[in-house]
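Values below: every heavy atom of this structure, side chains too, minus hydrogens, waters and symmetry copies. Both ligands and their constituent atoms are indexed starting at 1 by order of listing.
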Amino acid sequence: MNPFPILLLGSGGREHALAWKLAQSPLCAQLFVAPGNPGIAASATLLPGIDILDGVAVADWALGNGIGLVVVGPEAPLAAGVADAVRAAGIPVFGPSAAAARLEASKGFTKELCDDANIPTAAYARFSALQPALAYLATQPVPIVVKADGLAAGKGVTVATTRAEAEEALRALFAEPGAEVVIEAFLEGEEVSFFVLADGATALPLLAAQDHKRVGDGDTGPNTGGMGAYAPARVFTPELQARTLREIVEPTLEAMARRGTPFTGVLFTGLMLTASGPSLIEYNVRFGDPECQVLMSLFDGDLAALLLAAAKGQLSGEEARWKPGAAATVVVAARGYPGTPARGGEISGLDAAQADGAIVFHAGTAHNAAGALVASGGRVLAVTATGSTVGEAVEKANAAVEKVSFADGFHRADIGWREIARERAES
Ligand code: AMP
Ligand code: GLY
């Protein structure tokens, strides 16, 4: 196959990692990223002028520029139907239709699908008004989980340890007109993010990673989009993977195909490994951020070829190869995150940070009027390294973080702690 130009949509750390890997692909003649970020500019042509939520604009640009594959990074364009518009224009697109993106966009939709297909997930109830939700809460044990039913960037969830905390979360969510809320049972266990490529029918397993959602060391403080990650997550054994494919992923793909909304793209399966087996916490219809940064660091193959195979319904017989060892990423966030982050703080030292093989993926950066690199989002950098063990990868990533100068930045110092404790116990 001849190389072709590729268009990637998005601007975060996930997209920087995807761009870095796509640009290395022999099939990639030229990489365009809309809108991209200053880190991505090193390996792609940025298109800041395209509205990535406008499917017609994206499809028109792709048609006019001979694009052979569109890769959609974040969930918002998927929920807005951008993949549908690109597919309708006859261009292969990696990412689900808006109908299939409901697996992420609506927790209620996913819960109903789990009921239909007998997929293990936490018991739940769904509410559109405060009073019935409070009445239900009063009958339930704590801890209990309260979730907004919609896209909330990982921040619409409260794991309440007391009923008062759950009540406060319900009142806050129902303060928004038209709110839909899910209350669900608390699942106990270790959490993993398992990634599977899907072409509408076939599931191709990638790797499992572990993310750190809480903002503070020791998994304390409010939930974030993710403060760091590592892969592979060995707690997700080959047996647990086989069981997850059989009990959760394959029934989901079958149910979606049966409903006439087959799923194409990457299915991010958020699992709790409970005493009675893997239980589905949530689906996302895109790569995790920052999980993608560790997956791409370990991926050993032609990413464009694999994503194109998924887009064309040709995954059967494909496989994903991985480098040996482990990868870890440490997110450097701006003071205030996950509340209101401090913007505009200057960042330097990235060359020094990358001198020993670590990669600094840009998550929320921009150039200011004077041309300096500054923070422009909550999560600013994802500093990523590989090693023979998770412990070694984290050590290298942390050493690289120390070389970054960013006065407004903070990071977690304990990324990978569960796995590092297991590695120490083994040696
Ligand atoms: P979600 O946006 O649904 O992934 O929820 C965000 C985070 O809240 C998850 O990654 C879990 O850490 C936690 N969480 C969500 N649902 C549950 C549950 N039923 N039991 C325990 N923890 C949960
Ligand atoms: N890191 C979790 C997510 O991308 O939703």
Check your understanding: Would you call Arg14 a ligand 2 contact, heavy-atom distance under 4.0 Å?
Key -> no
Check your understanding: Between Met272 and ligand 1, which part of the residue brings a heavy atom under 4.0 Å of the ligand: side chain, backbone, both or neither?
Key -> side chain
Exercise for review: Anything under 30° is parallel, anything over 60° is perpendicular, the rest tilted; go ahead and classify Phe268 against Phe195.
Suggested key: tilted
Review point. Is Phe287 near ligand 2, meaning one of its heavy atoms is under 4.0 Å from it?
Key: no
Check your understanding: With respect to Lys147, which candidate in Glu180, Glu184, Glu282 satisfies the side-chain hydrogen bond (donor to acceptor under 3.5 Å, both in side chains) definition?
Key -> Glu184
Point to revise | Polar atom proximity, Lys213 to ligand 2 (N or O, under 3.5 Å) | key: no
Check your understanding: If hydrogens are left out, which of Gly288, Gly226, Gly225, Pro290 has an atom nearest to atom 2 (C) of ligand 2, that is, the closest non-hydrogen atom?
Key -> Gly225
Check your understanding: Which residue, Thr121, Leu267, Thr269, Val196, forms the side chain to side chain contact (heavy atoms under 4.5 Å, CB included) with Ile248?
Key -> Thr269
Exercise for review: Kindly assign one of parallel, tilted or perpendicular to the pair Tyr230 and His212, based on the angle between their ring planes and the thresholds 30° and 60°.
Suggested key: tilted
Check your understanding: Does Ala229 reach ligand 2, in the sense of a heavy atom lying below 4.0 Å from it?
Key -> no
Review point. Taking distance alone, with no angle check, do Glu282 and ligand 2 share an N/O pair under 3.5 Å?
Key: no
Check your understanding: With only distance considered, is Phe186 within less than 3.5 Å of ligand 1 through an N or O on each side?
Key -> no
Check your understanding: With a 4.0 Å heavy-atom cut-off (strictly under), which part of Val145 contacts ligand 1: side chain, backbone, both or neither?
Key -> side chain
Review point. Taking heavy atoms and a distance under 4.0 Å, where does Arg286 meet ligand 2: side chain, backbone, both or neither?
Key: side chain
Check your understanding: Salt bridge between Asp219 and Arg418, side-chain N to carboxylate O under 4.0 Å?
Key -> yes
Exercise for review: Would you please classify the geometry between the Phe32 ring and the Trp61 ring as parallel, tilted or perpendicular, with 30° and 60° separating the classes?
Suggested key: perpendicular
Exercise for review: Measure up the Phe299 and Trp322 rings against each other and bin them: parallel (under 30°), tilted (30 to 60°), perpendicular (over 60°).
Suggested key: perpendicular
Check your understanding: Looking at Glu190, Arg234, Glu191, Glu419, which one forms a side-chain hydrogen bond (donor to acceptor under 3.5 Å, both in side chains) with Gln210?
Key -> Glu190
Review point. Can Ala185 be said to touch ligand 1, with heavy atoms closer than 4.0 Å?
Key: yes
